[in-house]
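To start, the structure itself, in structure tokens.
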Amino acid sequence: MAEARDVGEPLEAGAEAEGQVAVAGRLVARRGQGKTVFADIEDRSGTIQAWATLDRLGEQGLGLLADAHVGDIIGVRGTVVRTRRGEVSVAADAVEMLAKSLRPPPDRHAGLKDPETRYRQRYLDLMASDEVRAQFVTRARAIAGVRRFLDDRGFIEVETPVLQPIYGGAAARPFVTHHNELDRDLYLRIATELYLKRCLVGGLEKVYEIGKDFRNEGVSFKHNPEFTMLETYEAYADYEDVAAMLEEMVAAVAVQATGGTVIPWKGGEIDLTPPWRRVRLTDALEDASGIDVLAHPDAADLRARMRAAGLDAPDTAPWGKLVDGILSQALEPQLVQPTILLDYPLELSPFAKRREDDPRLVERFEAFCGGMEIANAFSELNDPDDQRERFAMLQADREAGDDEAQPSDEDFLTALEHGMPPTGGLGLGLDRLVMLLTDRHSIREVILFPAMRT
RNA sequence: GGGCCGUUAGCUCAGUUGGUCAGAGCAGGGGACUUUUAAUCCCAAGGUCCUGGGUUCGAAUCCCAGACGGCCCA
């Protein structure tokens, strides 16, 4: 169809090009005129008008077109002409019904607005809206850009199990399923972290995986129960190296997906050009809330301080969760321009290496943009004894009622005991990255088929 | 989990104080028309007013409960 338009472009009104062309697509408009029919046909490159007359097409062919419904998929063979009114068209010598549409498409001009129908029957949304189609093309381009960036840097893409005997690598409740033949329960992964680290133990050194993670939690504008995650691990790198790579990668992907590193966001702009602002988490929390969390190492103490500052602080939340609460309530919404928060409390980070200068903190950062967390990274903990202690802390959290605390993974500890090189690791939520790059404010706008009730 | 809002024809939407309020445009059906561009003109048809209760002489409209969805908050 694009080629047919190219053929017709140089024609003057009323002229006809040499040679036959064939186009196929969905009928989006039809203007019947007795013994003449004009039909607009659309494919993914755009539309072209088919012009059918009784003289050229005969009674049967014209009848087929006259009886066709908007929504039908038809093929037209003929010559390229420019009509007297200047429209590049295919003057039909033959038409063919390729697929009947038994149901009417969404209204062409009003579009499809009902969000429920848009999400449940995404094909109608795609059919009705060029912008929605472009949205998912941009998503594909962004993810291809991530792969290209990492491949060019010598990373290899690997695939690790989705069905796992023990879940881990994040704080979340899992989905549980059952293997009939083995008669055992398995978990859908909440992260790829612990398997990718096994790859590092084995010497693959620079690996990444792009795939779905599954978290058994609520649905919101930034959460879908299954979502697309990138994780990367690079041997002999630390979290500073990872931060530098992340900035470059996001900037490169922004260029590939949108053409530049300054992107529109909620009526303003976000400048993704490296370097991004870096702040120590504890300093940023104090600026945003007035609370120095390290000065309140006791949970009850911190809770009281938070409530005095007007923040929500659940009775049962341990110290680490309270710090996370200050972050999400007081700080995260302010982080519109890209910001890297460095050096997290150990309690929040069971797989990150301790800072040598302050054992209460770990070498970890999270990157925020558009008021959302988009990435999480650390210098990976590779000391098996320390890792075993961290699992014990998580176990204590579980026993204290935290159902998001993950169980210990003895097989992973065995791998670490074989020696994992010092490693920088990164997790980047690709759905949120696409939201950012396309100025969409709900994760449902960037996932083709988002989770819905029933 | 909490608050607010929404649900009327295939799509987009009106619907006044509870009383010819079951409506429009487009799509779909029948007809006219050989250069149209959201073609035009004529005709006919199209409904579980989300569901279930309740109030009332009378409910799309008011009340209660529920389902689904959206937004905001947590």
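Because only heavy atoms are used, hydrogens play no part in the values below, and waters and symmetry mates are left out as well, while side chains stay in. Numbered from 1 within each chain, the chains take letters A, B, ... in sequence-line order.
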Heavy-atom pair of closest approach, residues A:Val253 and A:Ala142: CG1-O, 3.6 Å
What integer number of Å spans the P atoms of B:rG66 and B:rC5? 16 Å
Euclidean distance, atom CE of residue A:Met127 to atom P of B:rC11 [Å, nearest integer]: 13 Å
Distance, C1' atom - from B:rA74 to B:rG52, rounded to whole angstrom: 32 Å
Does A:Gln395 form a side-chain hydrogen bond (donor to acceptor under 3.5 Å, both in side chains) with A:Glu399? I'd like the steps, not just the answer. CA-CA 6 Å; A:Gln395 184 57 33; A:Glu399 284 162 9; 3.1 Å; yes
If you measure from the P atom in B:rG18 to the same atom in B:rA27, how many Å do you get, rounded? 37 Å
Quick check, are the ring centers of A:Trp265 and A:His441 under 6.0 angstrom apart? yes
Each nucleotide of nucleotides 69-74 of chain B classed B (base within 4.0 Å of a protein heavy atom), S (only sugar-phosphate) or -, in 5' to 3' order, makes SS---S
Taking the side chain as every heavy atom from C-beta outward, state whether A:Arg118 and A:Arg444 have any pair of such atoms under 4.5 Å apart. no
Rounded to whole Å, CG of A:Asp125 lies from C1' of B:rC11 at a distance of 13 Å
Is there side-chain contact between A:Tyr119 and A:Phe449, with at least one heavy-atom pair below 4.5 Å? no
Assigned partner base of B:rC57, Watson-Crick or wobble definition, under 3.5 Å: B:rG19
Within this structure, what is the NZ-to-C1' distance between A:Lys113 and B:rG10, rounded to whole angstrom? 16 Å
If the C1' atom of B:rU55 is compared with that of B:rA65, how far apart are they to the nearest Å? 15 Å
Applying the Watson-Crick and G-U wobble criteria at under 3.5 Å, what pairs with B:rA32? Answer none if nothing qualifies. B:rU40
Tell which nucleotide pairs with B:rG6, taking only Watson-Crick or G-U wobble pairs whose two distances are both under 3.5 angstrom. B:rC68
Reading nucleotides 26-33 of chain B from 5' to 3' and marking B where a protein heavy atom lies under 4.0 Å of the base, S where only the sugar-phosphate is that close, and - otherwise, the string is BSSS---B
Of A:Ala110 and A:Gly86, the one whose nearest nucleotide on RNA chain B sits closer to the 5' end is A:Ala110
Any strand is fair game: report the nucleotide pairing with B:rG1 by Watson-Crick or G-U wobble, both distances under 3.5 Å, or none. B:rC73
Does any nucleotide pair with B:rA24 by Watson-Crick or G-U wobble geometry, both distances under 3.5 Å, and what is it? B:rU12
Test item: A:Arg184 side-chain N/O and A:His179 main-chain N/O as donor-acceptor pair under 3.5 Å: no
Interatomic distance at C1', B:rC49 relative to B:rA22, whole Å: 8 Å
Under 3.5 Å, is there any donor-acceptor pair linking the side chain of A:Asp40 to the base of B:rU37? no
All heavy atoms of A:Ala309 vs all of A:Ile291, minimum pair found to be CB-CD1, 4.2 Å
What's the gap between B:rC50 and B:rU16 when it is taken at their P atoms, as a whole Å value? 14 Å
Distance, C1' atom - from B:rA24 to B:rG15, rounded to whole angstrom: 11 Å
Mind checking the C1' distance from B:rA9 to B:rG46? Whole angstroms is fine. 6 Å
Distance check needed: B:rG1 P versus A:His223 NE2, whole Å only. 15 Å
Would you mind reporting whether A:Met127 and A:Val132 have side-chain heavy atoms less than 4.5 Å apart? no
Which one of A:Phe378, A:Tyr239, A:Tyr344 satisfies the side chain to side chain contact (heavy atoms under 4.5 Å, CB included) criterion with A:Glu363? A:Tyr239
Round to the nearest Å and state the distance from A:Asp55 atom CG to B:rU35 atom C1'. 13 Å
In a check of salt bridge (charged side-chain N to carboxylate O under 4.0 Å, His left out) between A:Arg280 and each of A:Asp343, A:Asp292, A:Asp358, which one passes? A:Asp343
